[in-house]
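Written out below as structure tokens is the structure these notes cover.
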Amino acid sequence: MGVANERSIAWGIARSLYKAGASLIFTYRKERSFQKLSQLLEEEGIEPLMTVSCDISEDASIQAAFDAIGARVGIIHGVAHSIAFADKDELKGEYANTSREGFLLAQDASAYSLVAVAREARKWMSEGGSIVTQSYIGAERVVRNYNVMGVAKASLEASVRYLAEDLGQFGIRVNAVSAGPIRTLAAKGVSGFNDIMSTIQQKAPLRRNIDQDEVGDATLFLLSPLSRAVTGEVLHVDAGYHIIG
Ligand SMILES: NC(=O)c1ccc[n+]([C@@H]2O[C@H](COP(=O)([O-])OP(=O)(O)OC[C@H]3O[C@@H](n4cnc5c(N)ncnc54)[C@H](O)[C@@H]3O)[C@@H](O)[C@H]2O)c1
């Protein structure tokens, strides 16, 4: 869930999963994304089991998408949730100036969407499985300009833990990847993004930034049985930046 273009983290995840032999289902938000997605799939030679529209801001859309998926395949084993949204105006200046509307929008699209997706997906995860979402260090620390999205990611990471507890009894694991900054459509909305990337290059233990394929491989690990005893975890895929004081 969440391929907008070839730069999307979800596209890195799709490539890693495809190489590992997974059967893939894609969700898209708008007609424009569907066309882009179809083009990417063709270029990469990936034949998905199905593609289905899903707007995570509407419960009915999420329900309809998973009903359609369930009707077609019966059982699913994993979900990659790679979706977030906030108003661009909230991603600069003081967090104290966040509007009520902007706060609720970021929480709704970026955190609650995982809850709603997990609720619908579990109906078809009758053999257990794994749900993985994408977070960012702005959930744990203050990252200038990330503001309302940092608070939404904190909520997302807490949701990962609560969902992990709820769904663990059904053999369903829930984890997050906390990726370093990657130049994507969503990242364009964050002011000063270039400065964030150059800081990582200087300070991260590996002295470099990361890419979509590296997040894809880590997400593949969390979706696969290789991580079968890992749940409620936030795995940093950030060249080690999060350990630096
Ligand atoms: N790029 C980074 O630096 C970075 C770092 C850490 C975490 N993340 C997270 O990774 C995830 C993917 O973002 P990305 O960087 O690949 O950017 P992206 O813009 O490529 O992906 C964001 C996706 O969210 C989708 N989306 C937004 N609102 C939606 C809605 N209402 N219904 C359905 N889909 C909706 C968009 O269509 C898009 O496909 C996000 O959760 C983001 O916060 C990104």
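Quick note: residue numbers are just sequence positions, from 1. Counting starts at 1 for both ligands and their atoms, following the listed order.
Under 4.0 angstrom from ligand 1, the non-hydrogen atoms of Phe193 all belong to its side chain. The residue Ser33 has no part lying near ligand 1, judged by heavy-atom distances below 4.0 Å. At a heavy-atom distance under 4.0 Å, no atom of Gln212 approaches ligand 1. Residue-level proximity to ligand 1 for Ile9 is carried by backbone and side chain together, each with a heavy atom below 4.0 angstrom. Residue contacts with ligand 1 for Val3 involve N, CA, C or O but no side-chain atom from C-beta outward (heavy atoms, distance under 4.0 Å).
Remark: minimum distance from atom 35 (C) of ligand 1 to any protein heavy atom is reached at Ile83 CG2, 3.7 Å. From the protein, the heavy atom lying nearest to atom 37 (O) of ligand 1 is Arg29 CB, 4.2 Å. In this structure, the protein non-hydrogen atom closest to atom 20 (O) of ligand 1 is Ser8 OG, 2.6 Å. Nearest non-hydrogen protein atom to atom 19 (O) of ligand 1 is Ala186 N, 3.1 Å. Summary of contacts: the protein heavy atom closest to atom 11 (C) of ligand 1 is Ser82 OG, 3.5 Å. Distance from atom 27 (C) of ligand 1 to its nearest protein heavy atom, with residue and atom name: Ala84 O, 3.6 Å.
In terms of polar-atom proximity, Tyr136 is not counted as a contact of ligand 1, lacking any N or O under 3.5 Å from an N or O of the ligand. Annotation: Gly2 places an N or O atom under 3.5 Å from an N or O atom of ligand 1; distance criterion only. No N or O atom of Ser135 sits closer than 3.5 Å to an N or O atom of ligand 1. Taking only nitrogen or oxygen atoms, main chain and side chain alike, Ile182 reaches within less than 3.5 Å of ligand 1. For ligand 1, the polar-atom distance check finds no N/O of Asn5 at less than 3.5 Å from any of the ligand's N/O atoms.
Distance check on atom 29 (C) of ligand 1: some protein heavy atom falls below the 4.0 Å cut-off.
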>> Pair Gln134, Val215 - check side-chain contact (heavy atoms from CB on, under 4.5 Å), show working.
In response: CA-CA 9 Å; Gln134 298 298 322; Val215 180; 3.3 Å; yes
> So His81 and Ser113, side-chain contact (heavy atoms from CB on, under 4.5 Å) or not? Walk me through it.
Replying inline: CA-CA 9 Å; His81 171 277; Ser113 63; 2.8 Å; yes
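In the model, Asn194 has a side-chain atom that pairs as donor or acceptor with a side-chain atom of Arg183 under 3.5 Å. Side chain to side chain, Ser227 and Arg173 meet the donor-acceptor criterion of an N or O pair below 3.5 Å.
Residue contact check: Gly180 has heavy atoms under 4.0 Å from atoms 3 (O), 5 (C) of ligand 1. Near Pro181, the atoms of ligand 1 lying under 4.0 angstrom from a non-hydrogen atom of the residue are 3 (O). Close contacts of ligand 1 with Ala179, meaning ligand atoms under 4.0 Å from a residue heavy atom, involve 5 (C), 6 (C). Listed by number with element, the atoms of ligand 1 under 4.0 angstrom from any heavy atom of Cys54 are 32 (N), 33 (C).
Cluster note: Ile244 groups with Ile243 through ILVMFWY side-chain heavy atoms spaced under 4.5 Å, whether in direct contact or through intervening members.
Assignment of Ala109 to the shell around ligand 1 is not supported, since no heavy atom sits closer than 4.0 Å. The closest approach between a heavy atom of Arg183 and any atom of ligand 1 is not below 4.0 Å.
Residue Glu42 qualifies as open at atom CD: its count of foreign heavy atoms under 6.0 Å is 12 or below.
Relative orientation of the Phe34 and Tyr28 rings is tilted, given thresholds of 30° and 60° on the angle between their planes.
Hydrophobic clustering, with ILVMFWY side chains joined whenever heavy atoms are under 4.5 angstrom apart, groups Ile9 together with Val132.
Looking at Ser110, its side chain never comes within 3.5 Å of a backbone N or O of Gln107 through a donor-acceptor pair.
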